[in-house]
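Notes follow once the structure below has been shown.
Residue numbers count from 1 along this sequence. Values reported hereafter were calculated over all heavy atoms of this structure, with side chains retained and with hydrogens, waters and symmetry mates removed.
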Amino acid sequence: MDKIIALTRQQREAILQHLTANQVQALSEFTRYAMLSRFHTHHYLKQTDWEFQGMVIDPWYQRQHDHLGDNLYCDCGRRLKNQFILRSRTSGRQLFLGISHFQQHASIPQKVAREIQAGINEINLYMDSILLAYQASRRFPQKIFQFVVDQQGFKNHEGTILYQRCNLFSRVDLPLHQRDYQDLQTLYHQLKQGVTHRLTKKEIKKLRVDIATDWRQVDQQITMFNYLLRQHGLTVQDLHRVKSNSINYALQRRKTRFFISDYKQLLALTLTKARSQLAIKLRQLSFYVQTCEEVSAAKILCEQAIQILLAHKTTSGHSHFYGIKEAKKLTEKLMINN
């Protein structure tokens, strides 16, 4: 069993100082994705009035003197590294909180807050192991990964966390966590030996759940874009127009207008149709990146969205689609570009 080493804040920051901006952002997206997954699988807020809407991470939190983006704040005014976005089921009110203020501002039991903090601590340990591997001069196993990709080793597994993490880390040459590396090596050796694996019903069900979770997280990112636009003065009518344009863009060149509105609908689809719906949702997310890329208040959301797209081997691009031009004109009305 691998020895678990927890870095101090100073030790972690000392290693982070040697990472490039792209490496820091990839590591930040890995952390955010892992936390979102925990919220969706552990249902922390099930017995409360609040539902989890999303999470924003400031990758430059420790770099006070050369911070590259906007700061994040709790509703109380305290600067945050991890900002959790909650929405009241009864009133619709939204809160932007740090984990230590869940009980104070949302009356969420301390026990639940401790469970969430334990999850954050576990993810930090995972990240620390990656940083220690980087410090020891380990880098991404590019040849092994490329062989697996060339041999279609990830076919039907595009929605798995391993594949997405490999996509993120391969671009910036970060080492994998030991468990991820072992999983990739196992896949590599199977393909080398000519072993082909036929998916079982249980595995197909698990893959469908993974895709649904993925879709849900992309949808939450889109929801945060819409909330930001509304909060900064976009009218209900104009926001409806932006949403409509985003769907039209997502469905561009598709033979069908089938567009799901709830992640649970994915669970009843075939794998092929489920993957297709995820691809449509990712294209919808790229619409918001292109629409809001010059909006200063949306800088962090755009950076996170770009990382999500990269994890899925997708780019935001620069489309000449009329709906994007129209949405940009609508956002230009807002006093958020200054």
Query raised in the report: Between Glu293 and Lys328, is there a side-chain N and carboxylate O pair less than 4.0 Å apart?
Result: yes
Query raised in the report: Can you name the side chain to side chain contact (heavy atoms under 4.5 Å, CB included) partners of Asp238, sequence neighbours left out?
Result: Leu234, Thr235, Leu330, Lys333
Report task. Measure from the side-chain N and O atoms of Gln110 to the backbone N and O of Gln103, and report whether any donor-acceptor pair falls under 3.5 Å. Result -> no
Query raised in the report: What pairs with Thr8 under side chain to side chain contact (heavy atoms under 4.5 Å, CB included), at least two apart in sequence or on another chain?
Result: Gln10, Gln11
Query raised in the report: If you group Ile, Leu, Val, Met, Phe, Trp and Tyr by side-chain heavy-atom gaps below 4.5 Å, do Phe258 and Ile211 land in one group?
Result: yes
**Report entry** Residues in salt bridge (Lys or Arg N to Asp or Glu O under 4.0 Å) contact with Lys111, at least two apart in sequence or another chain
**Finding:** Glu115
Query raised in the report: Do Leu207 and Leu162 belong together in a cluster built from hydrophobic side chains that touch within less than 4.5 Å?
Result: yes
Requested in this report: With sequence neighbours excluded, tell me which residues meet side chain to side chain donor-acceptor pair (under 3.5 Å) with Arg78.
Outcome: Ser100
Query raised in the report: Which class fits the ring pair Tyr163 and Phe154: parallel under 30°, tilted 30 to 60°, perpendicular over 60°?
Result: tilted
Query - Common cluster, Val209/Ile161, ILVMFWY with side-chain heavy-atom separation under 4.5 Å - result: no
**Report entry** No-hydrogen, no-angle side-chain donor-acceptor test under 3.5 Å, Gln220 and Gln53
**Finding:** no
Query raised in the report: Roughly how far apart are Leu285 CG and Gln290 CD, rounded to 0.5 Å?
Result: 10.5 Å
Query raised in the report: Are a donor atom and an acceptor atom from the side chains of Gln146 and Lys143 found within less than 3.5 Å of each other?
Result: no
Requested in this report: Look at Asp210 together with Lys206 and state whether they make a salt bridge at an N to O cut-off of under 4.0 Å.
Outcome: yes
Query raised in the report: Do Gln307 and Tyr33 get their side chains close enough for a donor-acceptor pair, meaning under 3.5 Å?
Result: no
Requested in this report: With sequence neighbours excluded, give me every salt bridge (charged side-chain N to carboxylate O under 4.0 Å, His left out) pair touching residues 249-274.
Outcome: none
Requested in this report: Check for a donor-acceptor pair, side chain of Gln23 on one end and backbone N or O of Val172 on the other, with a separation under 3.5 Å.
Outcome: yes
Query - Presence of salt bridge, Lys329 and Glu332, under 4.0 angstrom - result: no
Requested in this report: Verify, without hydrogens or angle tests, whether Ser28 (side chain) and Val24 (backbone) share a donor-acceptor contact under 3.5 angstrom.
Outcome: no
Query raised in the report: Val149 and Leu168: same hydrophobic cluster, using ILVMFWY side-chain contacts below 4.5 Å?
Result: yes
Query raised in the report: Around His240, counting heavy atoms of other residues, nucleotides and ligands shown, do more than 12 lie under 6.0 Å from its NE2?
Result: no
Query raised in the report: Is there a donor-acceptor contact under 3.5 Å linking the side chains of Tyr288 and Asn226?
Result: yes
**Report entry** ring-ring contact (aromatic ring centres under 6.0 Å, His included) assessment of Phe96 paired with Tyr73
**Finding:** CA-CA 8 Å; Phe96 297 80; Tyr73 294 94; over 10 Å; no
Query raised in the report: Who are the side chain to side chain contact (heavy atoms under 4.5 Å, CB included) partners of Leu282, not counting sequence neighbours?
Result: Val218, Leu278, Ile308, Leu309, His312, Thr314
Query raised in the report: Who pairs with Arg171 by side chain to side chain contact (heavy atoms under 4.5 Å, CB included), at least two apart in sequence or on another chain?
Result: Leu310
Query - Phe140-Phe169 aromatic ring centre distance below 6.0 Å - result: no
Show the atom names and distances, to 0.1 Å, of all donor-acceptor pairs under 3.5 Å that link a side chain in residues 319-326 to residues at least two apart or in another chain.
{"unit_1": "Ser319", "atom_1": "OG", "unit_2": "Phe321", "atom_2": "N", "d": "3.0"}
{"unit_1": "Glu326", "atom_1": "OE1", "unit_2": "Arg241", "atom_2": "NE", "d": "3.0"}
{"unit_1": "Glu326", "atom_1": "OE1", "unit_2": "Asn245", "atom_2": "ND2", "d": "2.7"}
{"unit_1": "Glu326", "atom_1": "OE2", "unit_2": "Arg241", "atom_2": "NE", "d": "3.4"}

Query - Exercise: do Gln17 and Glu13 side chains pair donor with acceptor under 3.5 Å - result: yes
Query raised in the report: Going by atom types alone, do Thr270 and Thr272 pair a side-chain donor with an acceptor below 3.5 Å?
Result: no
Query - Those residues that, when tested against Arg38, pass salt bridge (Lys or Arg N to Asp or Glu O under 4.0 Å) (two or more places apart) - result: Glu122
**Report entry** Other ILVMFWY residues reachable from Trp50 by side-chain steps of under 4.5 Å
**Finding:** Met35, Leu36, Phe39, Tyr44, Leu45, Phe52, Met55, Ile57, Phe84, Leu86, Leu95, Leu97, Ile99, Phe102, Ile108, Val112, Ile116, Ile120, Ile123
Could you pull out all donor-acceptor pairs under 3.5 Å where a side-chain atom in residues 125-135 meets a protein atom, sequence neighbours excluded?
{"unit_1": "Tyr126", "atom_1": "OH", "unit_2": "Arg165", "atom_2": "NH1", "d": "3.0"}
{"unit_1": "Tyr126", "atom_1": "OH", "unit_2": "Asp180", "atom_2": "OD1", "d": "3.2"}
{"unit_1": "Tyr126", "atom_1": "OH", "unit_2": "Asp180", "atom_2": "OD2", "d": "2.7"}
{"unit_1": "Asp128", "atom_1": "OD1", "unit_2": "Arg12", "atom_2": "NE", "d": "2.8"}
{"unit_1": "Asp128", "atom_1": "OD1", "unit_2": "Arg12", "atom_2": "NH2", "d": "3.3"}
{"unit_1": "Asp128", "atom_1": "OD2", "unit_2": "Leu7", "atom_2": "N", "d": "3.0"}
{"unit_1": "Asp128", "atom_1": "OD2", "unit_2": "Arg12", "atom_2": "NH2", "d": "3.0"}
{"unit_1": "Ser129", "atom_1": "OG", "unit_2": "Tyr126", "atom_2": "O", "d": "2.6"}
{"unit_1": "Ser129", "atom_1": "OG", "unit_2": "His177", "atom_2": "NE2", "d": "3.4"}

**Report entry** Those residues that, when tested against Gln252, pass side chain to side chain donor-acceptor pair (under 3.5 Å) (two or more places apart)
**Finding:** Arg283
Query raised in the report: Is a side-chain donor or acceptor of Gln83 paired with a backbone partner of Gly98 at a separation under 3.5 angstrom?
Result: no
